K.L.:
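Dropping a structure here in structure tokens format, bear with me for questions.
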Amino acid sequence: MIAEKFALELNMLPPDFYAHETTVIARALLGRILVHETSRGTVAGRIVETEAYLTDDPACHAYGGKKTPRTAVMFGPPGTAYIYLVYGMHHCFNVVTGPEGTGEAVLIRALEPVYGIELMRVNRNQSSLHNLCSGPGKLVSAMGITQALNGWALIEPTLYLADSSVGAEEFSAVITTRIGISKGADLPLRFYIKDSPFISRK
DNA sequence: GTGATGATTTAA
DNA sequence: TAAATCATCACT
């Protein structure tokens, strides 16, 4: 566990990090750091759980390459943020993947809190470390991410992905079916860090 | 215009 | 186990 032991030494992920197929990126995002620099402070978390959504996958908002106003950013360049409202009350944060025009993304499902934990507690109105970022809606709230950041290029402050020596230690990735969907529910497109206590569910 | 549908969270 | 809550999208 690495929470709050951070003399933050971050290297922002370069644009070519996103030049791979979606499932590869979903796996490669594990262990990386999501950073948000806000006016109320900086927050950061280590990605411990992701899900891939593919263009030929019925659970994907852009299934079959269908472009709508909501999904437009999924067809933009890879490495941008796709943020949308679910269930009328929570937001989900995704990283757009695939070549421009493809319509794929990786949902970030859980983070291990790393920096700015007190601000996360305020944002979430929740004290338990394990309940701060252990779900896609929770982490958006904890990180202070809003829909205004939809379409943000994640290679620019104030919202970006990074590498760090901290949290980059060896781990095993587990692959399972995805959570909370009915269509495409049998596809092995969920990735998480084995034994992490910060994932959304076993 | 209308209605069904969620890539969820929380509280009971 | 169920309620909360609303933008989105397809169209009885």
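Just so it is clear, the structure is predicted and the values come from calculations on it, not from any experiment. For the numbers below, each heavy atom of this structure counts, side chains included, while hydrogens, waters and symmetry mates do not. Just so we're on the same page: letters track the sequence lines, and every chain starts at 1.
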K.L.:
Give a yes/no verdict on a cation-pi contact between R178(A) and Y53(A), requiring under 6.0 Å between NZ or CZ and the six-membered ring centre and an angle within 45° of the axis.
P.N.:
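Relative to the ring axis of Y53(A), which defines the angle, R178(A) lies inside both limits.
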K.L.:
So, under a plain 3.5 Å distance rule, would you say the side chain of Y84(A) forms a donor-acceptor pair with the base of dA7(B)?
P.N.:
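Answer yes: a donor N or O sits under 3.5 Å from an acceptor.
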K.L.:
Could you state the atom-to-atom distance from CG of L107(A) to P of dT8(B) in whole Å?
P.N.:
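One finds 7 Å between P of dT8(B) and CG of L107(A), rounded.
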K.L.:
Please state how far atom CD in Q126(A) lies from atom P in dT9(B), giving the value in whole angstrom units.
P.N.:
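Rounded to the whole Å, the gap is 12 Å.
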K.L.:
When you match Q147(A) and H90(A) each to their closest nucleotide on DNA chain C, which lands nearer the 5' end?
P.N.:
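The residue closer to the strand's 5' end, by nearest nucleotide, is H90(A).
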K.L.:
With no hydrogens and no angle check, just 3.5 Å: does a side-chain donor-acceptor pair link S200(A) and R109(A)?
P.N.:
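Short answer, yes.
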K.L.:
Starting from the 5' end of DNA chain B, give me the residue, K138(A) or G88(A), whose nearest nucleotide shows up first.
P.N.:
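With K138(A) and G88(A) compared, the 5'-side residue is G88(A).
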K.L.:
Atom OH of Y53(A) and atom P of dA7(B): how far apart are they, to the nearest Å?
P.N.:
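Spelled out: OH on Y53(A) to P on dA7(B) is 7 Å.
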K.L.:
Go through dT9(B), dT5(C), dG6(B) for me and flag the one nearest to the M89(A) side chain.
P.N.:
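Looking only at side-chain atoms, M89(A) lies closest to dT5(C).
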K.L.:
Which heavy atom in V43(A) sits nearest to a heavy atom in G116(A), and how many Å separate them?
P.N.:
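Heavy atoms only, the tightest pair is CG1-O, 3.5 Å.
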K.L.:
Starting the side chain at C-beta, find the nucleotide from dC9(C), dT8(B), dT10(B) nearest to N131(A).
P.N.:
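Nucleotide nearest to N131(A)'s side chain: dT10(B).
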K.L.:
For a quick check of understanding: with a heavy-atom distance under 4.0 Å over all strands, which category does R109(A) fall into, base, sugar-phosphate or nothing?
P.N.:
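The residue R109(A) makes sugar-phosphate contact but no base contact.
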K.L.:
Mind calculating the distance between CG (L85(A)) and P (dT8(C)) to the nearest angstrom?
P.N.:
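After rounding, the reported distance stands at 8 Å.
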K.L.:
For dA3(C), give its Watson-Crick or G-U wobble partner with both distances under 3.5 Å, or none.
P.N.:
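dA3(C) is paired, partner dT9(B).
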K.L.:
For a quick test of reading the model: is some side-chain N or O of K66(A) closer than 4.0 Å to OP1 or OP2 of dA10(C)?
P.N.:
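Yes, K66(A) has a side-chain N/O under 4.0 Å of OP1/OP2 on dA10(C).
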K.L.:
Side chain of R70(A) only, please: which of dA7(B), dA4(C), dC9(C) is the nearest?
P.N.:
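Taking heavy atoms from C-beta onward, the closest nucleotide is dC9(C).
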K.L.:
So, is R124(A) near the phosphate of dT9(B), with a side-chain N or O under 4.0 Å from OP1 or OP2?
P.N.:
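Looking at the OP1 and OP2 atoms of dT9(B), neither is under 4.0 Å from any side-chain N or O of R124(A).
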K.L.:
Between C1' on dA7(B) and CZ on R190(A), what's the gap in Å once rounded to a whole number?
P.N.:
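Value for this atom pair: 12 Å.
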K.L.:
Compare side-chain N and O positions of R201(A) against OP1 and OP2 of dT9(B) and report whether any pair is under 4.0 Å apart.
P.N.:
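So the side-chain polar atoms of R201(A) never come under 4.0 Å of the phosphate oxygens OP1 or OP2 of dT9(B).
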K.L.:
Rounded to the Å, how far apart are H61(A) NE2 and dG6(B) P?
P.N.:
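Between P of dG6(B) and NE2 of H61(A): 9 Å.
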K.L.:
Would the distance check show the side chain of T102(A) and the main-chain N or O of P99(A) forming a donor-acceptor pair, the cut-off being under 3.5 Å?
P.N.:
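Yes, because the side chain of T102(A) sits within donor-acceptor range (under 3.5 Å) of the backbone of P99(A).
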K.L.:
Round to a whole Å and report the spacing from CD1 of I108(A) to C1' of dT8(B).
P.N.:
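Atom CD1 in I108(A) sits about 16 Å away from atom C1' in dT8(B).
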K.L.:
What nucleotide among dG6(B), dC9(C), dA7(B) has an atom nearest to a side-chain atom of Y82(A)?
P.N.:
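Side chain of Y82(A) sits closest to dA7(B).
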K.L.:
What's the CG-C1' distance between N94(A) and dG6(B), to the nearest Å?
P.N.:
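Rounded to the whole Å, the gap is 14 Å.
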K.L.:
Within the 3.5 Å criterion, strictly below it, is a donor on Y160(A) or E37(A) matched to an acceptor on the partner's side chain?
P.N.:
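Distance-only check passes for Y160(A) and E37(A).
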